[in-house]
Amino acid sequence: MQIRPYKVEDLAQVVALDELCFHDFWSENNWKGTMGTDSYACFVLEEVDGKLAGFILISYLGDEGELLKICVAPDNRKKGLGSLLLDKAIESWQASGVQTVFLEVRESNVSARALYRKKGFAEIGIRKNYYDRPKEHAVIEQATFSL
């Protein structure tokens with residue numbers, strides 16, 4: 001497997017993975033609009049056969065960044081691939097001068113929260129009833145990276 005930058009040809013697979021992994025997935029038009037700007041970057045995890053096993057979507061704004069989505073296909077989980085994607089995002093943020101990164105995660109997403117903790121994120125707040133299907137709080141986390 002390799003991690004590489006998103007290409008327009010990846011759109012259908014990224015949309016399908018997003019729908020597979022999230023209740024609040026984005027439409028193809030949401031993805032097109034987001035990937036058409038310089039403030040966002042997406043890295044994909046590509047298998048040898050060209051199939052995508054995951055992706056990470058991040059943003060940049062000055063010295064701040066945000067983790068918007070991280071997805072690993074269910075049959076590829078528990079293999080450290082989410083950690084590899086997050087490492088790639090951190091590398092990209094640092095190369096762009098980002099020092100502080102924020103994210104929101106479902107309160108019940110224990111495995112994601114453990115990964116974020118390992119990478120230096122800490123809880124800084126709660127957004128009550130932020131998610132739907134099911135209704136759930138979002139935990140806001142932050143990490144600071146030195147350049």
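What you are looking at is a predicted structure, and each value in this text was computed from that prediction instead of being measured. All values below were derived from every heavy atom in this structure, side-chain atoms included, with hydrogens, water molecules and symmetry-related copies excluded.
In this structure, OH in Tyr40 is found 8.0 Å from CG in Leu57, a value given to the nearest 0.5 Å. With rounding to the nearest 0.5 angstrom, the NZ atom of Lys32 is 11.5 Å from the CG atom of Asn30. Taken from CD in Gln99 to CD in Glu64, the straight-line distance is 10.0 Å, to the nearest 0.5 Å. One distance of note links CD of Glu46 with NZ of Lys51; it measures 12.5 Å at 0.5 Å rounding. Taking CD1 of Ile140 as the start and CG of Leu103 as the end, the distance is 9.5 Å to the nearest 0.5 Å. With values rounded to the nearest 0.5 angstrom, Glu123 atom CD is found 7.5 Å from Glu107 atom CD.
When all heavy atoms of Val105 and Arg113 are compared, the closest pair comes out as CG1-CG, 3.6 Å. For the pair Pro134 and Arg106, the tightest heavy-atom approach, listed with the atom from each and the gap, is O-NH1, 3.1 Å. Residues Pro5 and Val44 approach most closely at O-CG2, 4.4 Å, considering heavy atoms. Smallest separation of non-hydrogen atoms from Gly62 and Val98: O-CG2, 3.9 Å. Contact detail for Gln142 and Ile124: the closest heavy-atom pair is OE1-CD1, 3.5 Å. Minimum interatomic distance between Gly65 and Trp93 (heavy atoms only, all atoms of both residues): CA-NE1, 3.8 Å.
Counting heavy atoms from C-beta outward, Val101 and Phe121 have side chains that approach closer than 4.5 Å. In this structure, the side chains of Glu47 and Asn76 come closer than 4.5 Å at one or more pairs of heavy atoms. Inter-residue side-chain proximity for Asn129 and His137 is flagged as met; some heavy-atom pair is nearer than 4.5 Å. Here the side chains of Asp10 and Arg4 are in contact, with some heavy-atom distance below 4.5 Å. Between Tyr116 and Ile70 there is a side-chain heavy-atom pair separated by less than 4.5 Å. Within the 4.5 Å cutoff, side-chain heavy atoms of Ser111 are placed close to those of Lys78.
The aromatic rings of Trp26 and Trp31 lie tilted to each other, with the angle between the two planes from 30° to 60°. Ring pair Phe55/Phe22 is tilted by interplanar angle, where 30° to 60° counts as tilted.
Residues meeting the side-chain hydrogen bond (donor to acceptor under 3.5 Å, both in side chains) test with Ser83, sequence neighbours left out: Lys119.
Residues Met35 and Val14 share a hydrophobic cluster, clusters being chains of Ile/Leu/Val/Met/Phe/Trp/Tyr side chains in contact below 4.5 Å. A continuous path of Ile, Leu, Val, Met, Phe, Trp and Tyr side chains, each step under 4.5 Å between heavy atoms, connects Val15 with Leu68, placing both in one hydrophobic cluster. By the rule that hydrophobic residues join a cluster once side-chain heavy atoms approach within less than 4.5 Å of another member, Met1 and Leu85 end up as members of one cluster. Under the 4.5 Å side-chain heavy-atom criterion for ILVMFWY residues, no single connected hydrophobic cluster contains both Ile58 and Tyr6. Under the 4.5 Å side-chain contact rule for hydrophobic residues, Ile56 and Val72 share a cluster.
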**Asked** Could you walk me through whether Lys88 and Leu45 pass the side chain to side chain contact (heavy atoms under 4.5 Å, CB included) check?
**Response** CA-CA 10 Å; Lys88 181 67 176 176; Leu45 186 59; over 6 Å; no

**Message:** If you apply the rule side chain to side chain contact (heavy atoms under 4.5 Å, CB included), what do you find for Tyr60 with Asp38, and how did you get there?
**Reply:** CA-CA 8 Å; Tyr60 313 85; Asp38 292 337; over 6 Å; no

**Request:** Go through the steps for Leu86 and Leu67 under the test side chain to side chain contact (heavy atoms under 4.5 Å, CB included), then give the verdict.
**Result:** CA-CA 9 Å; Leu86 191 50; Leu67 170 56; 4.2 Å; yes

**Request:** Applying side chain to side chain contact (heavy atoms under 4.5 Å, CB included), run through Phe25 and Leu17 and close with a yes or a no.
**Result:** CA-CA 9 Å; Phe25 58 89; Leu17 274 172; over 6 Å; no

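The pair Arg117-Glu141 meets the salt-bridge criterion, since a charged nitrogen lies less than 4.0 angstrom from a carboxylate oxygen.
Around the NZ atom of Lys135, the shell of radius 6.0 Å holds more than 12 heavy atoms that belong to other residues, nucleotides or ligands.
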